[in-house]
J.: 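Right, I'll just put the structure down here and ask away after.
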Number of protein chains: 2
Amino acid sequence: MNISEFVKLSIGRWRSQRSGHNLAFSHFEEVRSTIDIIALPTDDPAVIDICKLYNIDPSNATNPFRMNWEGESDWDEAEKVEGTCILVPIPDPENPSRGKLLRDRGYAETMSAAGEYHFADDGTFILLTEYDRAAAEERIWFTTPNLRFRVALIKTSDGKGVVTASFSSEIRALSS
Amino acid sequence: MNISEFVKLSIGRWRSQRSGHNLAFSHFEEVRSTIDIIALPTDDPAVIDICKLYNIDPSNATNPFRMNWEGESDWDEAEKVEGTCILVPIPDPENPSRGKLLRDRGYAETMSAAGEYHFADDGTFILLTEYDRAAAEERIWFTTPNLRFRVALIKTSDGKGVVTASFSSEIRALSS
């Protein structure tokens, strides 16, 4: 698996069921959402802006995409869970199974971020992102082309403690 | 990672938060349980019986263990979720990162089963078990020695459709 294959498999509309575990308090959260993953051209002005933000030559970007999500949480049924962001993969020229993933701020994110990704030998995409006071680890894998799973951990900034863990089952919506 | 290291890390009492996703109906289940994983001697009569059941020389068994669990599901709060079983790893003599995992019937399982396990390059334990009319795929990995995660999929017997997916966060209980 490489990032180009991975993004191509991800393009489309997904129905997501997400469970969040707050590990300190043993709380559960349940979220149902719709996720749209849309391919962008590499010369999209927003893609070029994100590359500039990180001082990366836009010609190194491959398969950039936009992700939109909209859903509902059982924690606050009145409030919609929604957001959008643009993600720009920058593969490592020396190792196609690794690279950086740049993300713009979007309107739902608190900050832009550049994560480091790699693929495990079973094809799992693993993304590590460090923030000022936290770190995130995401694992995404396809069981079939129409079913993928995602585990996301939010860690303390030293990477040792895990604050929350979440699990998403994402099924491709065959009709939109 | 090999099975001996993996079982040794697993021994102890764990507080588990499990979320089940029914993929066809988009239902969530929440289970809180306590899991005890207890090392057994390789000459335990129950371990020898399980090996005989599968026509395997008991001298090939390594690090057998008993697993007990007791908890509560939000689907049926009146009923305790509980069970016990004995698991017997049989490493592949030619490849220490692979092998079989034998399981007795226990009183909560519908049948005994022999699964095939291997370790991914990131240390994830992956277990595939085929039943008459279904197949199970489990992935277990440690983020720290005191925190592990488990993703379990129940598939149709052809291995193509996924019926349910579950995610467990398991924290070592530092006092029992």
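Only a predicted model underlies this, so the values are computations on that prediction, with no experimental measurement involved. Each chain gets a letter, A, B and so on, in the order its sequence line appears, and its residues count up from 1.
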J.: Could you tell me whether A:Glu130 atom CD has more than 12 heavy atoms of other residues or ligands within 6.0 Å of it?
T.: no
J.: Can you list the steps and then say if B:His21 with A:Arg18 is a side-chain contact (heavy atoms from CB on, under 4.5 Å)?
T.: CA-CA 9 Å; B:His21 294 179; A:Arg18 178 158 66 87; 5.7 Å; no
J.: Between B:Ile154 and B:Val162, is there shared hydrophobic-cluster membership here, with clusters defined by ILVMFWY side-chain heavy atoms closer than 4.5 Å?
T.: no
J.: Before you tell me yes or no, could you show the steps for A:Leu23 and B:Gln17 under side-chain contact (heavy atoms from CB on, under 4.5 Å), namely the whole-Å CA-CA distance, both residues' side-chain angles and the distance that decides it to 0.1 Å?
T.: CA-CA 8 Å; A:Leu23 299 185; B:Gln17 242 185 298; 3.9 Å; yes
J.: Working to the nearest 0.5 Å, report the span between CZ of A:Phe167 and OG of B:Ser166.
T.: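 Answer for the CZ-OG pair, A:Phe167 versus B:Ser166, is 7.0 Å.
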J.: Under 4.5 Å between side-chain heavy atoms, counting indirect links through other Ile/Leu/Val/Met/Phe/Trp/Tyr residues: same cluster for B:Ile11 and B:Leu9 or not?
T.: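 Linked, B:Ile11 and B:Leu9 end up in one cluster.
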J.: Going from NE2 on B:His118 to CG on A:Asp122, what distance comes out if it is rounded to the nearest 0.5 angstrom?
T.: 6.5 Å
J.: When clusters are formed by joining ILVMFWY residues with side-chain heavy atoms under 4.5 Å apart, either directly or through shared neighbours, do B:Trp69 and B:Ile37 land in the same one?
T.: yes
J.: When heavy-atom pairs shorter than 4.5 Å are enumerated against chain B, which of A:Val31, A:Asp74, A:Asn146 gives the highest number?
T.: A:Val31
J.: At a heavy-atom separation under 4.5 Å, does B:Ile171 approach chain A through its side chain, its backbone, both, or neither?
T.: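 For B:Ile171, the side chain is the part near chain A, not the backbone.
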J.: Passes side-chain contact (heavy atoms from CB on, under 4.5 Å), A:Ser26 versus B:Arg15? Steps please.
T.: CA-CA 9 Å; A:Ser26 184; B:Arg15 308 280 179 204; over 6 Å; no
J.: Measure distances from A:Asp121 to the heavy atoms of chain B and classify the residue's part below 4.5 Å as side chain, backbone, both or neither.
T.: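 Answer is both: backbone and side chain atoms of A:Asp121 are under 4.5 Å from chain B.
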J.: Evaluate the criterion side-chain contact (heavy atoms from CB on, under 4.5 Å) for residue pair A:Phe28 and B:Ser19; output intermediate values, then yes/no.
T.: CA-CA 8 Å; A:Phe28 289 91; B:Ser19 293; 3.4 Å; yes
J.: In this structure, would B:Phe119 and B:Leu127 fall into the same cluster of hydrophobic residues linked by side-chain contacts under 4.5 Å?
T.: yes
J.: Under a 4.5 Å heavy-atom cut-off, does chain B meet the side chain of A:Arg139, its backbone, both or neither?
T.: side chain
J.: Honestly curious: do B:Tyr117 and B:Met67 fall in one hydrophobic cluster under the side-chain, below-4.5 Å linking rule?
T.: yes
J.: Can you name the nearest heavy-atom pair linking A:His27 to B:Arg32, along with the distance?
T.: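 Heavy atoms of A:His27 and B:Arg32 come nearest at CA-NH2, 4.1 Å.
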J.: Who wins among A:Val151, A:Thr124, A:Leu147, A:Ile126 for the most heavy-atom pairs under 4.5 Å with chain B?
T.: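 Heavy-atom pair counts peak at A:Val151.
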